[in-house]
Amino acid sequence: MDKIELLQDLIDKSHRIVFFGGAGVSTESNIPDFRSSDGVYSHQLGRHFTAEQLVSRTMFERYPEDFFDFYKKYLIYPEAKPNAAHTYLATLEKTGKLKAVVTQNIDSLHEMAGSQKIFKLHGSADRNYCLGCQRFYDLTAFLALEGPVPHCLDCGKVVKPDVTLYEESLDMDVFSQAAQAIRQADLLIIGGTSLVVYPAASLVNYFSGTNMVLINKTSIPQDSQATLVIEGKIGEVFSKLRQ
Ligand code: NAD
């Protein structure tokens, strides 16, 4: 059996599948990840800040112009469309086999593809709130706010994307529900993530089922824990499976 047949076989005989993914799931939709050789971290970011510093709470508070410049340039892709990975997962959920998608991504491509049960560990670029009056702005309304730092149309305070920045803690409700879904899974498929961002990466430790599959363009240390490792593009891999 080749690796695709093995994956198909594991999916066929599993009943509670959970998918856990990261930025690599959206690269085939032309949203760059962080750590690939052509990822965001590979760009010359200007000034003297690293990308990690640029998406930190300190940067947001002390240098909001640099923060929003980086955020809008490298993390927001309003034109992006779901790729074969997103659509396959949405279809698998409809068959009843896939119980949840756990994602570190802040884009909304899983929702656009039709997935229903999604745990977004790092929030969503689609949600933005005024830090003064809490007025809500969707992505379109947020991008329409003028100036280098977006200010609320009602009260004039800064509007912050509802995404988890470095130095901020995760929404523990979302984290616990994701952990619960992974704990109950019989097959965990992990794809498109370097698994280096914590505490998200620690979710893997909640898995107690039999089969763990890793699908990544490059190898990662957790490969040794997996039943099956497929090196390749996740959209291409999923499009070879029975739909
Ligand atoms: P990462 O950049 O650290 O790692 C991405 C991994 O995916 C790498 O191992 C890479 O080899 C692999 N990869 C890239 N394209 C792939 C493909 N087509 N198929 C299979 N594998 C592929 O990403 P991460 O682990 O998610 O951590 C980065 C953090 O940055 C996350 O917290 C995430 O919130 C954020 N981020 C999100 C987006 C987004 O929302 N789309 C984009 C960039 C970064």
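We count ligands from 1, going down the list as the structure has it; atoms in each ligand are counted the same way. The model shown is predicted, which means the values in this text are computed figures rather than measured ones. Each residue takes its place number in the sequence, starting with 1.
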* Asked: Does a sphere of radius 6.0 Å around NZ in K97 hold more than 12 heavy atoms from other residues, nucleotides or ligands, not counting ones at 6.0 Å or beyond?
  -> yes
* To do: Indicate, as side chain, backbone, both or neither, the part of D107 found under 4.0 angstrom from ligand 1 when only non-hydrogen atoms are considered.
  => both
* Of the backbone atoms (N, CA, C, O) and the side-chain heavy atoms from C-beta on, which set of N105 has a member under 4.0 Å from an atom of ligand 1: side chain, backbone, both, or neither? -> both
* Is the F67 ring parallel, tilted or perpendicular to the Y71 ring (thresholds 30°, 60°)? -> parallel
* Structure fact -> When every non-hydrogen atom of S115 is compared with those of V101, the smallest separation belongs to OG-CG2, 4.2 Å
* Specify side chain, backbone, both or neither for A200, according to which of its non-hydrogen atoms lie closer than 4.0 Å to ligand 1. => neither
* To do: State plainly whether the residues R242 and D12 are in salt-bridge range, i.e. N to O under 4.0 Å.
  => yes
* Structure fact -> Min over I215, T27, T164 of heavy-atom distance to atom 15 (N) of ligand 1 lands on T27
* **Carboxylate-amine/guanidinium contact K3 E231, below 4.0 Å** => no
* Got the closest protein heavy atom to atom 25 (O) of ligand 1, with its distance? -> T193 OG1, 2.7 Å
* **Donor-acceptor contact present, side-chain S239 to main-chain A84, <3.5 Å** => no
* Structure fact -> closest protein heavy atom to atom 21 (N) of ligand 1 is K217 N, 3.1 Å
* Is it the case that more than 12 heavy atoms not belonging to K160 sit under 6.0 Å from its NZ atom? -> yes
* ligand 1 contact on S194 by region, counting heavy-atom pairs under 4.0 Å -> both
* Of all the non-hydrogen atoms in the protein, which one sits nearest to atom 5 (C) of ligand 1, and at what distance? -> D33 OD2, 3.4 Å
* **Ligand-side contact atoms (ligand 1) for residue partner V197, heavy atom cut-off under 4.0 Å** => 27 (O)
* Asked: Can you tell me how far CG of D223 sits from OG1 of T218, rounded to the nearest 0.5 angstrom?
  -> 8.5 Å
* To do: Could you give me the CA-CA distance, side-chain angles and deciding distance for T58 and Q53, then say whether side-chain hydrogen bond (donor to acceptor under 3.5 Å, both in side chains) is met?
  => CA-CA 8 Å; T58 303; Q53 286 170 325; over 6 Å; no
* Structure fact -> The atoms of ligand 1 lying under 4.0 Å from a heavy atom of I31, numbered in the order shown, are 41 (N)
* Counting only heavy atoms not in K117, do more than 12 sit closer than 6.0 Å to its NZ atom? -> no
* To do: For P32, counting its heavy atoms only, list the atoms of ligand 1 lying under 4.0 Å from any of them.
  => 42 (C), 43 (C)
* **Nearest-neighbour protein heavy atom for atom 34 (O) of ligand 1, which is reported as residue plus atom name and distance** => Q104 O, 2.2 Å
* Which heavy atom of the protein is the closest neighbour of atom 23 (O) of ligand 1, given with residue, atom name and distance? -> A23 CB, 3.5 Å
* Residue pair S26 / D107, side-chain donor-acceptor N/O under 3.5 Å -> yes
* Among all protein heavy atoms, pick out the one at the shortest distance from atom 40 (O) of ligand 1; state its residue, atom name and that distance to 0.1 Å. => I106 N, 2.8 Å
* To do: Would you mind running through ligand 1 and noting each atom that sits below 4.0 Å from a heavy atom of G232?
  => 19 (N), 20 (C)
* Test of proximity, K233 against ligand 1: N or O pairs below 3.5 Å -> no
* To do: Return the residue, atom name and 0.1 Å-rounded distance of the protein heavy atom closest to atom 9 (O) of ligand 1.
  => N216 ND2, 2.9 Å
* Structure fact -> Taking only non-hydrogen atoms of S26 and a 4.0 Å limit, the atoms of ligand 1 in range are 41 (N)
* Structure fact -> Out of G191, G24, G22, the nearest non-hydrogen contact to atom 13 (N) of ligand 1 is supplied by G24
* Asked: Which one holds for E28 and ligand 1: side chain close, backbone close, both close, or neither close, with close meaning a heavy atom under 4.0 Å?
  -> side chain
* Asked: Should the proximity of T218 to ligand 1, defined as any heavy atom under 4.0 Å, be assigned to the side chain, the backbone, both, or neither?
  -> both
* Which residue holds the protein heavy atom closest to atom 28 (C) of ligand 1, what is that atom called, and what is the gap in Å? -> R35 NH1, 3.5 Å
* Asked: Looking at Y137 versus F142, is the centre-to-centre ring distance below 6.0 Å?
  -> no
* To do: Give a yes or no on whether Q243 atom CD has more than 12 heavy-atom contacts from other residues, nucleotides or ligands under 6.0 Å away.
  => yes
